[in-house]
Amino acid sequence: AAKQRKLGSLVYSPELNASSAQTLSLLGELRRAVREGELRLFVQPKLAVGSGRIVGGEALVRWQHPQRGMVPPMQFIPFAEDTGFIHTLTLWVVEEAARIVAAWRTQGFEGRLSINLSTHDIAKPDLLDQLDARSAAAGVPPSALCLEITESAIMSDPQRAVQTLQALQARGYKLSIDDFGTGYSSYATLKTLPVHELKIDMSFVRAMEREPKDAMIVRSIVELGHNLGLSVVAEGVENATVLERLHAMGCDEAQGWHIGKPMPAAELDAWLQQRQT
Ligand code: C2E
Ligand code: CA
Ligand code: CA
Ligand code: CA
C-alpha cells in the first residue's frame, strides 16, 4: 500500500508525480502560509528537575489555516520534507525562534530554546551560515539555541551527521538527540557525536508508570547519558508521579503536559511570570 499522508481532507502520497495537481496545490498552500504569516511557533516549557526552574523550551510549529483551523505539524512536516519545502520552513522557524530568545533576554530570562531539524536540514551545506545569520541578526548567542535531531535522522547518514554536528558545535550551538531509544544508534556512533543532551523518547516516559521495563529503559538511558557526560531530558511527562520518579532517577530535565503545554510565546511570558509569584 502506498504510504499516504493526510492534510485535512487532502491525501498526499510521496509516490505521486512531483508535478501532480494535488502536490502542487499543497505546496502552493504552504508557500502562502509562510508568505501570509499563517504559521505559528508555539513553545513548550522545559523544567530543570532538580531546581524546579524553567530553563527554556522547545519550539513547535503549527499552521493556522484559514479554513482548516490549527493544523498540527505531523500533517505538513512530512510533506514539507518530501518536497524540499522543509528548508524554507526551517529558516522561518529559526528566525522566529531567534526573535523569541532575543525577547526573553531583554526581559532578563536566559532560557535556551530548542529547534527541531530534519534530515534534509543537516544535509544542507549552508545550514550553518543561515543559522549564524539569523542568530546574529537577532543578537542571540548560538549557545542560547539547541538543535534537536532525531536519532533516526542521524542514523540515516551517520558520517555526514557527525560532520555537520561537529561544525554546529564548534560554532557554539547546543545539540540534542531527539526521540532517543527508538532509532538504533550504536554506542560507536554515540560516542563520536558532539551532543550535549539526550532526549528520551516519549513512548518510554509515558509507559513507565505501568510498565517496569519502560521504567528500566528510562533509568538506563539516564545512566548512559550521565556516563557519557550528557544532560538527559524526559519528554511526555504527564503527571506528578512520573516527574517524581524521574527526579529519583537523576534525570536532568523534563518536558510534558504536567509541566506545561506548547503555547504561543506571549502566553509563555505570562505563564512564566505567574509561576514565579
Ligand atoms: P517532537 O519533536 O518529538 O515533539 C514532541 C511532541 O510531543 C510535540 O507534538 C508536543 O506537543 C508533544 N507533547 C509534549 N508534551 C506531551 C505530553 O506530555 N504528552 C503527549 N502525549 N504529547 C506531548 P507536536 O507539537 O504535535 O509535534 C509533533 C512533531 O512534529 C515533533 O515531535 C517534531 O518531530 C515535529 N515538529 C514540530 N515542530 C517542528 C519544526 O519546527 N520543525 C521540524 N522539522 N519538525 C517539527
Ligand atoms: Ca523535538
Ligand atoms: Ca521527541
Ligand atoms: Ca517525535
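Numbers for residues simply follow the sequence, beginning at 1. Atoms within a ligand are numbered from 1 in the order they appear, just like the ligands themselves.
- Considering CG of Asp269 and CD of Gln107, their distance stands at 4.5 Å, rounded to 0.5 Å.
- With respect to the salt-bridge test (charged N to carboxylate O, under 4.0 angstrom), the residues Arg206 and Glu238 qualify.
- Between His196 and Gln169, the side chains place no donor N or O within less than 3.5 Å of an acceptor N or O (distance only, hydrogens not considered).
- By the 4.0 Å N-to-carboxylate-O rule, Lys261 lies too far from Glu267 to be salt-bridged with it.
- When only interatomic distances are considered, the shortest N/O to N/O separation between Gln255 and ligand 1 does not fall below 3.5 Å.
- Between the side chains of Glu148 and Ser176, not a single donor N or O lies within less than 3.5 Å of an accepting N or O.
- In terms of N/O distances under 3.5 Å, ligand 1 is approached by Asp178.
- Atom CG of Leu198 is separated from atom CD1 of Ile177 by 5.5 Å, given to the nearest 0.5 angstrom.
- Of the heavy atoms in Leu60, both backbone and side-chain atoms come closer than 4.0 Å to ligand 1.
- Closest heavy-atom approach to atom 44 (N) of ligand 1 among the candidates Asn116, Asp201, Asp179: Asn116.
- Checking Ile259, Val205, Leu41, Val93 against atom 41 (O) of ligand 1, the nearest heavy atom belongs to Val93.
- Test Ile154, Leu230, Leu228 against Leu193 for side-chain contact (heavy atoms from CB on, under 4.5 Å) and you get one pass: Ile154.
- With ligand atoms numbered from 1 in the order given, ligand 1 contributes 11 (O) to contacts under 4.0 Å with heavy atoms of Pro262.
- Looking at Trp63 and Glu38, their side chains do bring a donor and an acceptor atom within 3.5 Å of each other.
- Between the side chains of Thr150 and Asp178, no donor N or O sits under 3.5 Å from an acceptor N or O.
- The part of Pro73 lying near ligand 1 is the side chain, judged by heavy-atom distances below 4.0 Å.
- Protein contacts to the Ca ion (ligand 2) involving N, O or S atoms at a distance below 3.0 Å are Glu58 OE2, Asn116 OD1, Glu148 OE1, Asp178 OD2.
- Side-chain atoms of Asp121 and Ser118 form a donor-acceptor pair, as typed in the model, at a separation below 3.5 Å.
- Neither the backbone nor the side chain of His258 comes within contact range of ligand 1; no heavy atom lies under 4.0 Å.
- Assignment of Lys261 to the shell around ligand 1 is not supported, since no heavy atom sits closer than 4.0 Å.
- Between Lys199 and Glu58, at least one side-chain nitrogen of the basic residue sits less than 4.0 Å from a carboxylate oxygen of the acidic one, meeting the salt-bridge criterion.
- Polar contact with ligand 1: present for Glu238 (N/O pair, distance under 3.5 Å).
- Close N/O approach between Glu58 and ligand 1 is found [any backbone or side-chain N/O within under 3.5 Å].
- Counting heavy atoms under 4.0 Å from ligand 1, residue Arg206 touches it through the side chain alone.
- Considering backbone and side-chain N/O of Val61, one or more are found under 3.5 Å from N/O of ligand 1.
- The environment of Gln159 atom CD is sparse: at most 12 non-hydrogen atoms of other residues, nucleotides or ligands sit within 6.0 angstrom.
- Near Gly256, meaning under 4.0 Å from one of its heavy atoms, ligand 1 places the atoms 15 (N), 18 (O).
- Counting atoms of ligand 1 from 1 in the listed order, those under 4.0 Å from a heavy atom of Gln44 are 14 (C), 15 (N).
- Here the CG atom belonging to Asn116 is positioned 8.0 Å from the CD1 atom belonging to Ile77, to the nearest 0.5 angstrom.
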